Amino acid sequence: MQVTRDNQLPGAKQSRRSVYATAAMGWAGMGCTVAQALLLGVAIDHLWRGASVPLWTFVAVGVVIVLRAVFAGGGRLCAFGASAWAKRETRRAIHRKILELGPARSASERTGGLVHDAVEGVEALDASNGLYFPQFLVGLSAPVLICAVIGVMDWVSGLVLLLTAPLAPLLLGLTQSRFRSVSTRYHAAANALSARFLDAVQGLPTLKAFNAGKAQGMEMARAGEHFRKETMKLLAVNQLAIFLLDWGFAVGATGAAFVVAALRWKAGAISVGEAVAIVLLSLEIIRQLNLLGAFFFAGAGGRAMSRRIRQYLDAPPAVQGAGKKVCRLPSRLGIRFERVSFAYRPGADVLHDVSFSIQPGETVGLLGASGAGKSSIIHLLLRFADPRSGLVMLGGHPLPELPLDWLRSQIAWVAQDTWLFHGTVEENLRIACPDAGRREIEEASRAACIHDFITSLPDGYATHIGERGMRLSGGQAQRLAIARALLKDAPIILLDEPTSHIDFACETTLRHALERLMEGRTVLHITHRRHSLSTASRLLYLEEGRIMRDECGVERETVAARSL
Amino acid sequence: MNHRQTIFRLWEVLRPLRGTLAISAGMRIVNQSLAIVLIVLAVWGVAAIARGAGGKELWSVALSLVGLGMIKGVFRYLEQFSGHYVAFRLLADLRRQLFDSLEALAPAGLGSERSGDLVSRAIADVERVEVFYAHTIAPAIVAAVVPMAALGALAVVSPFASLVLLPIVLLVGVGIPYAAHRLGVHAAQSARSGLGDIAVRLTDAIQGIREMVVFGYGSRSEALLDRSGEDVGNAQKGLARCSAFQSMATELGMGAGVLAVMILGSREVHSGAMPAYDFPVVIALTLSVFVPLLGVTNLIPDFEQAISSARRLFSIIDRPEKNLPLRVSGRGVKDSGIVFDRLSFSYDSEGARVLDRVSFAVEPGEITAIVGASGAGKSTIVNLLLRYWREDQGDIRIGGVSLRTLTPERVRELIAVVPQRVHIFNMTFRENIRVARPEATNVQIEAAARLARIHDFIMSQPQGYDTPAHEGGSRLSGGQRQRIAIARAFLRDAPVLIFDEATAHLDEETERQVIGSARSWQAMSESRTVMVIAHRLACVRDASQIVVLEHGRLVGVGNHLDLLETCEAYADLFAAQSAETLV
């Protein structure tokens, strides 16, 4: 049974139980319908003989109807269970995976797509687990089960119908493989069109600036039109399957049932009521198969989505293996890169044999053009990725020996921009230090030159910012990043172009804040502008992934003097 | 836009497709009716045989079943085909309209809303409206028509049964779905908003991954996500209960109908009012009446969602296009000089002035820099120049012609901008640069890339210029994106080139090189004018003219040395930045 074994998502175990429960409800409901048809047959037989229908028949039909209602309702509740837990667990797993892949590997351009998969795509499990899988079990077993019931009445009818009933599922199976390849291709093309549309809309300001917006719109419309025509052509052929299927149902079920019922009555094997019941039962076979067909697309969509999510979840983590506990380490930590080479993808090294070290408490500037490999050094230091060869050490220990959480808690990273999470300003600051008091938060904000701005907001520190709230300017966000770093109070400071957006007015104050932050800590200051390096005792020059020069402070001053 | 206007507007959108949609619904009606005919015919056939009809009748009924089945298949085929046709056409049309209006609005009209949010929502809305039309309306029409037709047919055999079933059909088709909807409306709302929260949390996790990891925020964030997940789960449990209620009530309703017809019918047969051989046919019709109703249980929530989607969509599509010139002048632009004449502007009518009577002239063939702290109004000047907004007072003239008399397209032909934020399209590098000038040759593209110092980088990619910009290699850095934008601007070859804080992400060396290429690009022809909006003074020190803005006012114009002496604001800026250099 292929119900959930392939592309198993988290929570599949709980789901499977509910899928079977839903199917059981479906079988029970089908049993009720069968019973109702048989009871109707009994009533017809009585009437045919000119007798009155016994009361128990009506009572039995009433009971069957109530039971079927109960099973129908129960089926809905079980169907809910079939995906509820799985959806929750899958979303958690996606969240964990995002973190596991980390900044070096996560593709932020694909945010929209991934969020869509995790929200709408995971919701699609409702259809595949709650509707399609149970109906798959019920629908495919329906012909056999119902023919078995008919066989009890009259084994010849049962046997003949059993032989003709598979006609429709068989046709379905035959056409499905063909249909599947077409539908995969169709969906791929449709997705590509949607992606292109999104891309064009997001780039509209650019397109418009070049007067290319209208042309792009036309171009897209043309591509869409072409796609539509091609798809219609494909459909014209492939929908023949639907035609055959429909016809197959009619001939295989209704036609055969009628002929069998009529001939067996003529042969005296069954009563009139039984003959009518056989025709009505064939209706139930069709209904069950039709339901299967109706859920087929939802099910296929859900399965494709599970596959995609599974694929995402199966991506290997960015780094493997980490120490379990912290060995004894000095309170001030030094950093050491030993012959580190690194590539994001095989064969394209971005760092070549990089070696340098930073003593505890030392401030070192790392200077390099854009694309020189500065962010790769940050990624390696925070262990978002591991080097291809060589070693990165912290406090004398290679990074893989240290617990990941601990390692990252030792480094405060002040970047060019900072992400503001959905929530209040205060919550956003407290992210850096969950148990910081209000006073500490305000102190850090003051030092980062952002307190006055925050208090000028409508709700002060309780103002909502982030995705759905208001937005901050680049400079404000950057100051918030500095406040966060101050709150984090880590022994190592990573300054990543920390003042690129800051206004001149605030720059002096801010430099003091930064200096306070850097005091007594190990600092790596990364920048592409030499003049923003203030108190570095040493300068490293990174060029095309290689350390080209390692200058001490004295030399540096002469360089600074020269540049004046 | 109220309910009725929205529906009216939707109906208008559907105009070119109404015929096809009607055909699709018609085919579906025939298909579903034939399904009922087939089953009734089979039951009738059995009854007829039982009454003593011969083998000839048996086989003619059997053949009719096969033949009708085939016809039914044909109609099913046509229904599907026309339904898909409507769906595809509608999707394409709506997207087209949405894109055109977004195009007209961008970027000013999109500025107030969160553009990413707006765009993705609009795209989802398009799909929802499409699904509603292509896959919901026709079944709904059929669900109304076919049961009524079946009841009519039943009335011929047994008016009484038909009369009994009518209220039950209405109950199952209208009453119960409506009640279920009312019961579930609150849960549906909270499920939707919970899903919205989940989207926000996940966006936070992806976009804020750095902060997540570095601050160890992951487990806390996961707990928040799970709480949203639990909320959604609880709401959906409520919805599942509603749906369970709905299907129970529906089953009971249909069952009651069957039981009632069974009891009444058998009494009629017994009393002789109806022949016994009609009873099976009445039962078969009764069972069939409800089938078309079952396909549309979610109609009301689908409808409400489609309406709110449509309303959002039309609020974008029907937004009037602003900023069109009042009258178009036929006068040619005589050179690439720009005059800003007592320009005043504020983004909203009550808001503070972002520009306050700013006047200066940009001489053709020169490099002019505009400097000032952020918030001084530098970028606003660019926005006005590009006609994304329109000045409240004053005028901008380019080559002696007022921008008010030029179409926005004409303005954009004259001016190329390297923006602060660069969008890289999901295309090859070549296509990404070609955006600026569709007819450009490969040689021209490469020349522009060389000038923008991005050629070597592109050549280092696996397929050179044909590498998709989003794949291959590591992701583009801020500097690389900027340089692609610069290459676009060079390729555009407009008389006026504006760098809108475009070099902030570049390192000193590249910045110098790019400014150098801008200079040589400008020197290639006397008619070329360059405007550099800058935050740092180092790169604009030797501009022929520097314009200093402070709080929306012009506080100094001149070259570097003049300004150092005459303009206090400029001297302060310079002092602040050189202090930085000297520390």
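Worth saying up front: this structure is predicted, and the values here are computed from it rather than measured. Order of the sequence lines fixes the chain letters, A, B, ..., with proteins taken first and strands second; residue numbering starts at 1 for each chain.
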What closest approach, in Å, do A/Val279 and B/Ala42 show between heavy atoms, and which atom pair accounts for it?
CG1-CB, 3.6 Å
Hey, which of B/Phe75, B/Phe99, B/Tyr85 has the most heavy atom pairs under 4.5 Å with chain A?
B/Phe99
Which bit of A/Val66 comes within less than 4.5 Å of chain B, counting heavy atoms only: side chain, backbone, both or neither?
both
Select one option (side chain, backbone, both, neither) describing which atoms of A/Glu123 are under 4.5 Å from chain B's heavy atoms.
side chain
Relative to chain A, which segment of B/Leu225 carries a heavy atom at a distance below 4.5 Å: side chain, backbone, both, or neither?
side chain
May I ask you to name which of A/Ile286, A/Leu404, A/Leu207 has the most heavy-atom pairs under 4.5 Å with chain B?
A/Leu207
Measuring heavy-atom distances to chain A, does B/Pro438 have an atom under 4.5 Å in its side chain, in its backbone, in both, or in neither?
neither
Does any heavy atom of chain A fall under 4.5 Å from the side chain of B/Arg241, the backbone, both, or neither of them?
both
Need one label for B/Leu386: side chain, backbone, both or neither, based on atoms under 4.5 Å from any heavy atom in chain A.
neither
Most heavy-atom pairs under 4.5 angstrom with chain B, which of A/Gly29, A/Ala221, A/Gly255, A/Ala432?
A/Ala432
Decide yes or no for B/Glu211 and A/Arg484: does some side-chain heavy atom of the first lie under 4.5 Å from some side-chain heavy atom of the second?
yes
Which atom pair, heavy atoms only, marks the closest approach of A/Val259 to B/Trp59?
CG1-CH2, 3.8 Å
Check whether A/Leu280 gets within reach of chain B through its side chain, its backbone, both or neither, counting any heavy atom under 4.5 Å.
side chain
Check each atom of B/Phe245 against the heavy atoms of chain A and say whether the ones under 4.5 Å are side chain, backbone, both or neither.
neither
Whatever's closer than 4.5 Å to a heavy atom in chain B on A/Asn211 counts as both
Minimum heavy-atom separation for B/Val46 to A/Ala261, with atom names?
CG2-CB, 4.2 Å
If you measure from OG on B/Ser266 to CG on A/Leu40, what distance do you get to the nearest 0.5 Å?
10.5 Å
Around atom NZ of A/Lys266, are there more than 12 heavy atoms from other residues, nucleotides or ligands closer than 6.0 Å?
yes
Distance (rounded to the nearest 0.5 Å) between A/Trp48 CH2 and B/Phe279 CZ
11.5 Å
Below 4.5 Å, heavy atoms only, C-beta onward: do B/Phe215 and A/Lys488 meet side chain to side chain?
yes
For B/Leu65 against A/Phe258, the heavy-atom pair lying closest together:
CD1-CB, 3.7 Å
Do A/Arg91 and B/Arg201 touch side chain to side chain, with heavy atoms closer than 4.5 Å?
no
A/Ala262 versus chain B, the contacting section by heavy-atom distance below 4.5 Å:
both
Closest heavy-atom contact between B/Met262 and A/Ala43?
CE-CB, 3.7 Å
Part of B/Val258 within contact of chain A (heavy atom distance under 4.5 Å):
side chain
Heavy-atom pairs under 4.5 Å with chain B: which of A/Leu39, A/Leu77, A/Thr57 has the most?
A/Leu77
Are A/Phe384 and B/Ile209 side-chain neighbours, meaning at least one heavy-atom pair lies under 4.5 Å?
no
Does atom CZ of B/Arg267 have more than 12 heavy-atom neighbours from other groups under 6.0 Å away?
no
Using a cut-off of under 4.5 Å on heavy-atom pairs, state which of B/Val61, B/Val43, B/Leu68, B/Asn31 scores highest against chain A.
B/Val61
Value for CE (B/Met212) from CD1 (A/Ile98), rounded to nearest 0.5 Å, stands at 8.0 Å
So what's closer than 4.5 Å to chain A heavy atoms on B/Ala485: side chain, backbone, both or neither?
neither
Scored by heavy-atom pairs under 4.5 Å with chain A, the best of B/Ala35, B/Gly45, B/Gly216 is B/Gly45
Return the CG to CG distance between A/Asp126 and B/Leu239, rounded to the nearest 0.5 Å.
10.0 Å
Quick check for you: to the nearest 0.5 Å, what is the distance between A/Leu47 atom CG and B/Tyr277 atom OH?
14.0 Å
Donor-acceptor contact present, side-chain A/Arg92 to main-chain B/Gly229, <3.5 Å:
no
Contact part of B/Arg95 toward chain A, heavy-atom cut-off under 4.5 Å: side chain, backbone, both or neither?
both
Choice from B/Val74, B/Leu58, B/Val435 maximising heavy atom contacts with chain A below 4.5 Å:
B/Leu58
Is the closest side-chain heavy-atom distance between B/Arg210 and A/Trp413 below 4.5 Å?
yes
Between B/Ala92 and chain A, with a heavy-atom cut-off of 4.5 Å, which part of the residue counts as in contact: side chain, backbone, both or neither?
neither
Here the gap from A/Arg287 atom CZ to B/Ile39 atom CD1, rounded to the nearest 0.5 Å, amounts to 12.5 Å
Any non-hydrogen side-chain atom of A/Val53 less than 4.5 Å from a side-chain atom of B/His270?
no
Is A/Leu382 in contact with chain B via its backbone, its side chain, both, or neither, using a 4.5 Å heavy-atom distance?
side chain
Begin with the C-alpha distance, continue with both residues' side-chain angles, and end with the deciding distance and a verdict on side chain to side chain contact (heavy atoms under 4.5 Å, CB included) for B/Gln236 and A/Lys87.
CA-CA 11 Å; B/Gln236 286 178 338; A/Lys87 289 194 296 191; 2.6 Å; yes
Name the region of A/Ala51, side chain, backbone, both or neither, that has any atom closer than 4.5 Å to a heavy atom of chain B.
backbone
Between A/Leu263, A/Ile65, A/Ile431, which shows the greatest number of heavy-atom pairs under 4.5 Å with chain B?
A/Ile431
Under 4.5 Å from any heavy atom of chain A - which part of B/Ser221
both
Please report the closest heavy-atom contact between B/Leu202 and A/Ala118, naming both atoms and the distance.
CD1-CB, 3.3 Å
